Amino acid sequence: MQYNFNEIEAKWQKYWSDNQTFKAVNNAEKKKFYVLDMFPYPSGAGLHVGHPLGYIASDIYARYKRHKGFNVMHPQGYDSFGLPAEQYAIQTGQHPAITTEKNIKTYRRQLDQIGFSFDWSREVRTSDPSYYKWTQWIFIQLFNSWYNLETDKAEDIQTLIEKFSSNGNLQVQAVCDDNIEEFNAIDWNNYSTKEQQQILLKYRLTYLAETEVNWCPALGTVLANDEIVNGVSERGGHAVIRKKMTQWSMRITAYAQRLLDGLKKIDWPQPLKDSQTNWIGRSQGASVTFYTTGDEKYPIEVFTTRPDTIFGVSFMTLAPEHDLVNKITTAAQKTEVEAYIEATAKRSERDRMADVKTISGAFTGAYAEHPFSKKPIPIWIGDYVLAGYGTGAVMSVPCGDQRDYDFAKHFNIPIPNIFEGVDISEEAFADKEKTVIANSDFLDGLPYKKAVKTAIYELEKLGQGKGKINYRLRDAVFSRQRYWGEPFPVYYVDGMPQMIAAEHLPIKLPEVEKYLPTETGEPPLGNATVWAWDTVANTVVDNSEINHTTVWPLELNTMPGWAGSSQYFNRYMDPHNEDEIFSKEAVNYWQDVDLYIGGSEHATGHLLYARFWQKFMFDKGLVPQDEFAKKLINQGMITGTSAFIYREEETGKVLSKGLIKVKTVTPIHADVSLVNASDELDIEGFKKWQPEYKDAEFLLEDGKYIVGREVEKMSKSKYNVVNPDDIVAEYGADSLRLYEMFLGPLEQSKPWNTAGITGVHSFLKKLWKLYFDENGSKVSNDKPSAENLKTLHKTIKKVEEDIENFSFNTSVSTFMICVNELTTQKCTSRTILESLAILVSPYAPHISEELWNKMGHDESLSTVSFPIFEPNHLVESNKEYPISFNGKMKFTMNLSLDLTKEEIEAAVMGHEKTIQQLAGRAPKKVIVVPGKIVNIVG
RNA sequence: GCUCGAGUGGUGGAAUUGGUAGACACGUUGGACUUAAAAUCCAAUGGACAUUAGUCCGUAUGGGUUCAAGUCCCAUCUCGAGUACCA
């Protein structure tokens, strides 16, 4: 009987689908296990061989856990809002929904043929109104919440309103906007509704705010920093200006500390935790208030991590955009300052960041008073101080900070030394550990830590400072000027945003004629003609009905890509619930994700936002866990192995790789499908593919054209993309699965080369041959030999350890060794072969099902118990001891493991090869490690 | 610059707590089978020297700890990822 993989795989895929083998039921008696993949964006290009890597790994784990008796949920879905479908719509006019639907079909077909154990009954799509209804719902919850620092959690906005109406905002400790004016209860109750709404907006967890964006008038859109090159748009080279726009923001900064603390309790890769830690960027220090001298004493608040160096301040620097600049600049300096501000405004943020070396700035003519010495300190502006970080102002301590030092040198500002025994003639001194303060009044002689404490204490006494923790993390802008995204459930009354009541959700994306921004610069939804909210009928109506009494305009922005992916893992628990985002029962049963696999590129995007929303949901009592994924693994990228031919420049001849000597040749990409396992090019195929080479002369070596190889990112333009469809057709899904795992460690990036797949493919054929020969089944009821059992149990032990450690590549080797050994042993024993089929099944499920079935089982093997390791089969009586001399192994000796150290030493010393090695010398020392090694020194 | 990770045959990669470096594959070479090819099977395959038993060198480089180092420590180099005037 032949191993007919195409037939077998189709058969079992149908069986699984017909029998809903992998459908997970909530609240089963069994213990739950939730295995999650990062759901894909369905792109038009379909899957290449690199995409399924993580899915294969998670599938192996999910299948393994089913064998271990768990109720496994392994769902899949689509992150189906996104830019490519929208851009395609702009070019062709085709509705993104149609493009998306088509791409999903392709994805589904490709995924199905790889044999994943997904529970498709739980599929979600972020662009589906029944799904984004709940994305809109969460947005409303965020809008209706504020962050109470006293309870350290999000609370309903009603509790804040109550506080305001009974006590005003003086006692309220909240995470909110900076520019909050104080008011008491009487003030609050006298405010108009609009005024109250404006105030509340400064406290809500999602709020409207003026945000500075990169606006490209020619394209009519906002550009991200990386879409701008040299100050102009990457596409088209149009001018870009910085513009303030009103945008929705998420108050993620409220959760900065909890996001940091949460990292301690989750098992995520260290590099990923590091980059989140970095991104949140906690720094501890003090905020210090300086007052300007002169008639009007403006306060300037700065943040510093080094309050101990306060006596080293010799100037202050404000960001050019700082609000105070206008107010304090003296008449004499006005021209210079204004010229400088204009010059920096022209430079994009990116340019400013790229060009760190050039020192620039201007003196405002104003002075601030030092809080302790009361000496005047000149106030400068400089673009090395960022408006967006801290307070946009710094106290400059040139002796202790290199940037301040460089600035001071450049502008000839004095650099007072406040460090004991340190030379600062060449550079600033920033080593906290070695710091001893000098020339600093009451701080003299103190080391860093004590000086910080003392300085803060003295500042507090003056009322000019206090200890403070600052975060780099910014609130997240939540508006996009795009069409293909979730619409906001928001309409505007008198310019103030109003939430549409939850029972009227979803607010469906309207139809538009054009997917581009409008001529007046409004987002694409500005093209919609039916996009107004009727507050009486509670429905979306035609724009012509807007009367500003009962019918109002709707929000024109849409939500960003990360909105839909921030809660999908919870929605999978109860995906068809129309009344709730998910039921209490479902979420209490599934709790959280046990294993999450996906790419590391989401470290500071999706994975941070999702943690933020989860914590918010936790505060609202909606979910039982405040971290959504216990364990996370980043799979590495699979790169391509490009093939090159070499064209000689002078003659136009094409040289085989070995013929390139000193001649100038141009490497040209050849499609990898035209190259065989021995790097030999199919010349005829190549000529057909690139007709311009049909008359070119190919110079061969040994009758073959050998291509050059190089590892590059898999990409169409490099002709190194391998489609899993082709691999499945030629070798089968089980071969593909095994090979992807066999390539190397899951988390590592590694090159794909189709040539190697024959190794795992012939392994599957050998496996098959253990069960069948040309006459049919070979499986017997013979009692397994001790040798058979040893091979099997060695394999069980190793494979189990490997899966638990996510070391999938080494288990494939282990299977190969096992099958090679059993073949040599001519093993036909059912006991052994049944266990083997189960062991292999997480990796190669189709062949395993078939083998299991052919051994007389009617049911799928997917939930059959994993074989149990019995150590007694591995007990050895003897050991092949390596005998080394000065650490170098010279020969081995087979000795009983029962021997004592002394007996081993005697046996080794008596061996003829030992005597030969020593050549009469007496050994200085003999190290005997029973069961391991013998080392003779001397 | 900073943070993190990694450097092992022609290639992908193995190597529990330091204990036989190169498992398992690919490729290559030789052989069997075949008219031939494919498939399959067998053997060899880190390098140098040695006709043999064998000797020496080998895990990026240079030091160190140890009876013993791919593994631990120090320094250097290279590559990859993230991040960046963060006060």
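Just so it is clear, the model here is predicted, and its values are computed rather than measured. Below, each value reflects all heavy atoms present in this structure, side chains not excepted, and no hydrogens, waters or symmetry copies. Every chain is numbered from 1 and lettered A, B, ... according to where its sequence line falls, protein lines coming before strand lines.
Looking only at side-chain heavy atoms (C-beta outward), A:Gln276 and A:Leu263 come within less than 4.5 Å of each other. You'll find the side chain of A:Glu740 reaches within 4.5 Å of the side chain of A:Ile638, heavy atoms only.
Rounded to an integer number of Å, the gap from A:Ile817 CD1 to B:A23 P is 10 Å. In this structure, the CH2 atom of A:Trp752 is 16 Å from the P atom of B:G12, given to the nearest Å. Counting to the nearest Å, the C1' atom of B:C4 and the CG atom of A:Asn634 are 13 Å from each other. One interatomic measurement links the two molecules: CD of A:Gln2 to P of B:A39, which rounds to 14 Å at whole-angstrom precision. When rounded to the nearest whole Å, the span between CD of A:Glu601 and C1' of B:G80 equals 15 Å. The interatomic distance linking A:Asn886 (CG) with B:C57 (P) rounds to 12 Å, in whole Å. The distance from atom CE of A:Met741 to atom P of B:A14 is 13 Å, rounded to the nearest whole Å.
Using a 4.0 Å heavy-atom distance criterion, A:Ser762 is classed as a sugar-phosphate-only contact. At a threshold of 4.0 angstrom between heavy atoms, the contacts of A:Lys924 with the nucleic acid are absent. Within the 4.0 angstrom heavy-atom criterion, only backbone atoms of the sugar-phosphate kind lie near A:Val937; the bases stay farther away. Contacts of A:Asn470 with the nucleic acid, taken as non-hydrogen atoms under 4.0 Å apart, are absent. Residue A:Asp404 is classed as having no contact, given no heavy-atom separation below 4.0 Å to the nucleic acid. A:Gln270 comes within contact range of no nucleotide atom at all, as no heavy-atom separation falls under 4.0 Å. Residue-level contact check: A:Thr758 touches the backbone only, with heavy atoms under 4.0 Å from sugar-phosphate atoms and none from bases.
Between the A:Arg472 side chain and the A:Ile280 main chain, no donor and acceptor come within less than 3.5 Å of each other. A:Asn634 contributes a side-chain N or O that, together with a main-chain N or O of A:Gly598, makes up a donor-acceptor pair within less than 3.5 Å.
Using the six-membered ring where Trp is involved, A:His606 and A:His602 have ring planes that are perpendicular, over 60° apart on the 30 and 60° scheme.
Rounded to a whole angstrom, the distance from the P atom of B:G19 to that of B:A69 is 11 Å. B:C33 and B:G10 have their C1' atoms separated by 29 Å, with the value rounded to a whole Å. When the C1' atom is used for both B:U83 and B:U11, the distance is 34 Å, rounded to whole Å. Comparing the C1' positions of B:A23 and B:C72 gives an interatomic distance of 24 Å, to the nearest angstrom. Of the C1' atoms belonging to B:A14 and B:C26, the separation is 15 Å, rounded to the nearest Å. Comparing the P positions of B:G62 and B:U8 gives a spacing of 16 Å, expressed to the nearest Å. Comparing the P positions of B:A60 and B:G12 gives an interatomic distance of 14 Å, to the nearest angstrom. Comparing the same atom, P, in B:C73 and in B:G82 gives a spacing of 27 Å after rounding to whole Å.
Distances shown here put every side-chain N or O of A:Arg709 at or beyond 4.0 Å from the OP1 or OP2 atom of B:G10. Using a 4.0 Å cut-off, some side-chain N or O of A:Ser283 falls inside it from OP1 or OP2 of B:A87. Residue A:Lys888 places no side-chain N or O under 4.0 Å from the OP1 or OP2 atom of B:C56. Contact annotation: A:Asn809 side-chain N/O to B:A14 OP1/OP2 distance is under 4.0 Å. The side chain of A:Lys890 contributes an N or O atom lying less than 4.0 Å from OP1 or OP2 of B:C56. Phosphate proximity of B:A87 to A:Ser396: absent, as no side-chain N or O sits under 4.0 Å from OP1 or OP2. Residue A:Asn676 places no side-chain N or O under 4.0 Å from the OP1 or OP2 atom of B:G27. For B:U20, neither phosphate oxygen OP1 nor OP2 lies less than 4.0 angstrom from any side-chain nitrogen or oxygen of A:Tyr881.
For A:Trp279, counting side-chain heavy atoms from C-beta on, the closest listed nucleotide (B:G19, B:A23, B:A84) is B:A84. Residue A:Pro745 has its side chain nearest to B:G13 when only B:C24, B:U28, B:G13 are considered. Closest to the side chain of A:Lys765, out of B:G19, B:U40, B:A25, is B:U40. Among B:U83, B:A87, B:G19, the nucleotide with an atom closest to any side-chain atom of A:Ile927 is B:G19. Of the candidate nucleotides B:A25, B:U17, B:C67, B:A25 has the atom lying nearest to any side-chain atom of A:Phe742. Closest contact between the side chain of A:Thr892 and the listed nucleotides B:C24, B:C85, B:U20 involves B:U20.
No hydrogens or angles considered: a donor-acceptor pair under 3.5 Å links the side chains of A:Thr754 and A:Trp752. Side-chain contact check for A:Asn805 and A:Glu801: no donor-acceptor pair (N or O, by modelled atom type) lies under 3.5 Å.
The nucleotide B:C26 finds its pairing partner in B:G10, both defining distances of the Watson-Crick or G-U wobble pair being shorter than 3.5 Å. When both pairing distances are held under 3.5 Å, B:C2 makes a Watson-Crick or G-U pair with B:G82. The pairing partner recorded for B:A37 is none, the criterion being a Watson-Crick or G-U wobble arrangement whose two distances lie under 3.5 angstrom. As the counterpart of B:A21, no nucleotide is assigned, since no Watson-Crick or G-U wobble pattern has both distances under 3.5 Å. Under the Watson-Crick and G-U wobble criteria, each requiring two contacts below 3.5 Å, nucleotide B:G70 is left unpaired. Taking a pair to require two hydrogen-bonding distances under 3.5 Å in either a Watson-Crick or a G-U wobble arrangement, B:G46 pairs with B:C57. Base pairing of B:U52: no nucleotide in any strand meets the Watson-Crick or G-U wobble criterion (both distances under 3.5 Å).
Taking the six-membered ring for Trp, A:Tyr731 and A:Phe5 have ring centres at least 6.0 Å apart. In this structure, the ring of A:Phe407 has its center less than 6.0 angstrom from the ring center of A:Phe315.
At a cut-off of 3.5 angstrom, the base of B:C4 holds no donor-acceptor pair with the side chain of A:Asp274. You won't find any donor-acceptor pair under 3.5 Å spanning the side chain of A:Lys750 and the base of B:U11, going by distance alone.
Glycosidic conformation of B:G9 is syn; the angle stays within 90° of 0.
No more than 12 heavy atoms of other residues, nucleotides or ligands sit less than 6.0 Å from atom CD of A:Gln2.
Comparing A:Pro271 and A:Glu801 along RNA chain B, the residue whose closest nucleotide (by nearest heavy atom) sits nearer the 5' end is A:Pro271. Mapping A:Ser813 and A:Val929 onto RNA chain B via the closest heavy atom, the residue that lands nearer the 5' end is A:Val929.
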